[in-house]
Student: 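Right, I'll just put the structure down here and ask away after.
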Protein chains: 4
Amino acid sequence: MTRALGKRLPIFEAAVAVFSEKGFARATMEEIAKRAGIAKGTIYYNYRSKKALFLSLIEEGIERLETAVKREIARKEDILGRLEALIGAQLSFFEEHRDYCKILLSEVWGLGNRWEKQVERLRSGYISIIKELLQKGQAEGVIRKNLEVDTAATALFGAVAVAALNAFVFETRYRYDSILQTLKDLLLGGIREPAGTVAAPES
Amino acid sequence: MTRALGKRLPIFEAAVAVFSEKGFARATMEEIAKRAGIAKGTIYYNYRSKKALFLSLIEEGIERLETAVKREIARKEDILGRLEALIGAQLSFFEEHRDYCKILLSEVWGLGNRWEKQVERLRSGYISIIKELLQKGQAEGVIRKNLEVDTAATALFGAVAVAALNAFVFETRYRYDSILQTLKDLLLGGIREPAGTVAAPES
Amino acid sequence: MTRALGKRLPIFEAAVAVFSEKGFARATMEEIAKRAGIAKGTIYYNYRSKKALFLSLIEEGIERLETAVKREIARKEDILGRLEALIGAQLSFFEEHRDYCKILLSEVWGLGNRWEKQVERLRSGYISIIKELLQKGQAEGVIRKNLEVDTAATALFGAVAVAALNAFVFETRYRYDSILQTLKDLLLGGIREPAGTVAAPES
Amino acid sequence: MTRALGKRLPIFEAAVAVFSEKGFARATMEEIAKRAGIAKGTIYYNYRSKKALFLSLIEEGIERLETAVKREIARKEDILGRLEALIGAQLSFFEEHRDYCKILLSEVWGLGNRWEKQVERLRSGYISIIKELLQKGQAEGVIRKNLEVDTAATALFGAVAVAALNAFVFETRYRYDSILQTLKDLLLGGIREPAGTVAAPES
DNA sequence: TATGAATGAGCTTTCATTCAT
DNA sequence: GATGAATGAAAGCTCATTCAT
């Protein structure tokens, strides 16, 4: 998102669609151009290369995700509320942009160093948001101190992302609210039935 | 894993390495052959195509993961113990085979439809193991009934996988025990400091 | 022959030459490209595949042959004159395009089923022209009724084609008029010295 | 046909079948071996190369054709009877060995110099049989002197071969006797209704 | 004799990229 | 600014041939 996006927006949107459907390697500039309704050469007039186009996608995608997440977080005062908001924002973002969900999982998280430093920065940038919340929560005593924030943050991201992928991409039918509630319950309260509760047998 | 693996094992191992480093599309038969120390044609003598080789990899990988997980689960009697065992087995498998960790995340989970029915079957086969544990636990009253098992199972898988990827692939230094403990705590008990607990200030 | 043949004509001509020299299977795109003075990829920019290029060749070839034959036939009024014209036109076409002569014989007539429906249609399309002439001639009483038109038509085609191949491809020296006259005599009047004729000893 | 054909016969027969179905280039040693019920290496134990196997096929094929033709010719005294016998023998040979019919037309006649000198010798060897008959007949005054024997001989061969191919390979249903009679009539007597004959309307 | 695993040259095809218009 | 014809490097795949057993 740099120049006065003349033809840039259509290209961008077509690229998101094609990259998410085919993955980076099997996506072709030809198809992106066709879907954007322009000539192939025009893409090169706006982006240096296929890779540059892709990176700009990733960057934009993570930026949008961050923006959405930060906006939702800001609305809550307490840490736990903010974590819930984060889970909700990420899930909702992935529902609306299942394109990105696939791309992020398979090409950014799933590929290790395969991509540039740039991508790595974005990845750890996003994870940091979660980490900071966790750390603040630990300091305030609302989050368990024995959790290693690094691990917990990535696990949290992974849980939401994979569940989102499963529901929005693999399954055609799903109940959004139910998924959201389950994720919040699971991540905040754990799988286990709380100790104090009298586990009333399902009679 | 079919014939009396003449050159099959070296091919297999080289393929795992290359596919995990480059991803399916950017991996070349040439490189796999070179790394296996054989001629390109020999791969085709043993596997019908690049795709077939890859699928056999996936299949074998998920099979091994399942085997390891099931073995560990079988050692425990109670459901929660089994869930802990599952988390541990998956984490340990991903540490030992970080190749597979990347391949599974980026090409199997991360790709929706892009692969064959066969892969989809394997994927949901593995998830079923988790789902069954959760359902049994809910019946026994040790797992919270309000969790949607589908979502919870995929989230659990995703949490472990992404955390493993982060530690074993992105970071060079990590403390295995710490990660394992964090995942168990997080997934079984949740992020939140248990209610009853007197949140002892971090003195 | 579709688009405003940019590089199509040179490709086409090079392809005719190479296919005729080497046959379909042993002809390489590399050589066709080199002979057309273009890059290999350019062929694929103009034709979907090697097979498509070849089929377009066959189609064009039979079309040209048909056009030439029909033009010559149209100039004569009587059936026998038309048959002579057909023999002459086919022979002359094969002399001018000995490339096609080889391709047609070896890949179209010589291959049974091996090629597409499309080729079969072209083949029987051309044979039909001869068949119709024969049938009309039988109806008019100038052609022997006991001849099976199917057999006679293919035999006539084969006689001219193989004789043409022999003269124009295998032999370097030949007398065109003599060949033409022999074919006309043979096919219209037969090998046998007419009965009534007093076989004047070769004085 | 040299060594004590130990495994040679099965190979030979399988080769004829496969070469005729697929043509030289698309036939594979693998398939020939499988169809002969032996291992691939065994073919190389009996024939120096694919080409050598193929050439031995051609040689054998033309030899068999020549033998059959000469046998039938020898039974007749007069030239015209011999020519009829030749037509009959060639047609019958092609019916029984439609394999050879295809191979001969597409790979031997249809390919010009593409094959070895050896094949050329065989080809012109067979044509010579026809030529000699024609020359003798011209000397005896039963065959028209104005026919160029070279052209007439190849035309005769081509007429029978292409008609045979058309009937035996392209069509599934055909009446052998009718085809034979038509070819004899056509080639000996010509297409044209004999002049003296009162063209009796088809009452 | 017979085998079949192994080879690698060679082929078709794809596609990111360039550049004259 | 925009185009799309042209390119050629690179990849998957086939198969005649070899050779240790």
Side-chain angles (χ1 to χ4, degrees), chain A residues 3-4 6-7 11 24-34 36-54, chain B residues 3-8 11 25-34 36-54, chain C residues 3-8 10-11 25-33 36-53, chain D residues 3-4 6-7 11 24-34 37-54:
Chain A
R3 299 197 211 174
K7 288 280 173 326
I11 294 175
F24 177 78
R26 289 178 46 214
T28 71
M29 298 300 262
E30 185 67 46
E31 187 175 356
I32 294 173
K34 194 166 292 173
I38 54 158
K40 200 172 8 169
T42 310
I43 301 183
Y44 285 89
Y45 192 82
N46 287 277
Y47 294 89
R48 202 177 338 72
S49 65
K50 186 186 182 184
K51 199 163 163 181
L53 170 58
F54 184 71
Chain B
R3 299 194 216 175
L5 23 84
K7 285 279 153 5
R8 274 178 104 96
I11 294 174
R26 288 180 46 215
T28 74
M29 298 301 261
E30 187 64 47
E31 188 176 355
I32 294 173
K34 196 165 290 173
I38 56 163
K40 200 179 2 171
T42 308
I43 302 184
Y44 286 92
Y45 189 77
N46 287 278
Y47 295 89
R48 204 164 41 279
S49 65
K50 186 185 182 185
K51 197 162 161 184
L53 170 58
F54 183 73
Chain C
R3 297 195 216 174
L5 22 83
K7 285 277 154 4
R8 272 178 106 96
I11 294 174
R26 292 180 44 214
T28 73
M29 297 301 262
E30 187 65 46
E31 188 176 353
I32 294 173
I38 55 163
K40 203 177 0 173
T42 308
I43 302 183
Y44 285 91
Y45 189 77
N46 287 278
Y47 294 89
R48 203 162 46 278
S49 65
K50 186 185 182 185
K51 197 163 162 182
L53 171 58
Chain D
R3 298 195 214 177
K7 286 280 174 330
I11 295 175
F24 178 79
R26 288 179 45 215
T28 72
M29 298 301 262
E30 186 66 46
E31 189 177 354
I32 294 172
K34 193 166 293 172
I38 55 161
K40 203 176 1 173
T42 310
I43 302 184
Y44 284 88
Y45 191 80
N46 286 277
Y47 293 89
R48 204 181 329 73
S49 66
K50 185 186 184 186
K51 199 163 164 182
L53 171 58
F54 183 71

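Any value given below was found using the heavy atoms of this structure, including those in side chains, with hydrogens, waters and symmetry copies removed. Chain letters run A, B, ... following the sequence lines, proteins first, then strands; residues in each count from 1.
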Student: Expressed as a whole number of angstroms, how long is the span from Y47(A):OH to dA16(E):P?
Tutor: 16 Å
Student: Closest approach of I32(A) and I43(A), non-hydrogen atoms and distance?
Tutor: CG2-CD1, 3.9 Å
Student: Write down the atom of A36(C), the atom of P10(C), and the distance for their closest heavy-atom approach.
Tutor: CB-O, 3.7 Å
Student: Holding to side chain to side chain donor-acceptor pair (under 3.5 Å), I want the full list of residues that pass it with K51(C), two or more places apart in sequence or in another chain.
Tutor: E116(C)
Student: Rounded to the nearest Å, what distance is computed from the CZ atom of residue R26(D) to the P atom of nucleotide dC15(F)?
Tutor: 9 Å
Student: Distance check needed: dC15(E) C1' versus F24(A) CZ, whole Å only.
Tutor: 12 Å
Student: For the OH atom of Y45(D) and the CD1 atom of I38(D), what is their distance to the nearest 0.5 Å?
Tutor: 13.0 Å
Student: Let me know the distance between CZ of R8(B) and P of dA6(E), rounded to the nearest Å.
Tutor: 11 Å
Student: Measuring from atom CZ of R8(B) to atom OG1 of T42(B), what distance do you get when rounded to the nearest 0.5 angstrom?
Tutor: 12.5 Å
Student: The side chain of T42(B) lies closest to which of these nucleotides: dA6(E), dT7(F), dT3(E)?
Tutor: dA6(E)
Student: Could you tell me which residues satisfy side chain to side chain contact (heavy atoms under 4.5 Å, CB included) with A52(A), sequence neighbours excluded, listed by chain and number?
Tutor: R48(A), S49(A)
Student: With heavy atoms under 4.0 Å as the rule, sort A27(A) into base, sugar-phosphate or nothing.
Tutor: sugar-phosphate
Student: Find every protein N or O atom lying less than 3.5 Å from an N or O atom of nucleotides 17-19 of chain F, and list the pairs.
Tutor:
from: dT17(F); atom 1: OP2; to: Y44(D); atom 2: OH; distance (Å): 3.1
from: dT17(F); atom 1: OP2; to: K50(D); atom 2: N; distance (Å): 2.8
from: dT17(F); atom 1: O4; to: K40(D); atom 2: NZ; distance (Å): 3.1

Student: Whole-Å distance between dC11(E) C1' and L53(C) CG?
Tutor: 15 Å
Student: What residues form a salt bridge (charged side-chain N to carboxylate O under 4.0 Å, His left out) with K40(C), not counting sequence neighbours?
Tutor: E30(C)
Student: Checking Y44(D) now: which residues fulfil ring-ring contact (aromatic ring centres under 6.0 Å, His included) with it, not counting sequence neighbours?
Tutor: none
Student: In whole angstrom, what separates I43(A)'s CD1 from dA2(F)'s C1'?
Tutor: 12 Å
Student: Measure the distance from CD on E31(B) to C1' on dG12(F) and round it to the nearest whole Å.
Tutor: 15 Å
Student: So what does A33(A) hit on the nucleic acid, given a heavy-atom distance under 4.0 Å: a base, only sugar-phosphate, or nothing?
Tutor: nothing
Student: Could you run through DNA chain E and flag its stems, i.e. three or more consecutive Watson-Crick or G-U pairs with both distances under 3.5 Å?
Tutor: E:2-21 with F:2-21
Student: Among the nucleotides dA2(F), dT3(E), dT12(E), which one has an atom lying closest to any side-chain atom of Y45(A)?
Tutor: dA2(F)
Student: Just how far, in rounded Å, is P of dT14(E) from CD1 of I32(A)?
Tutor: 18 Å
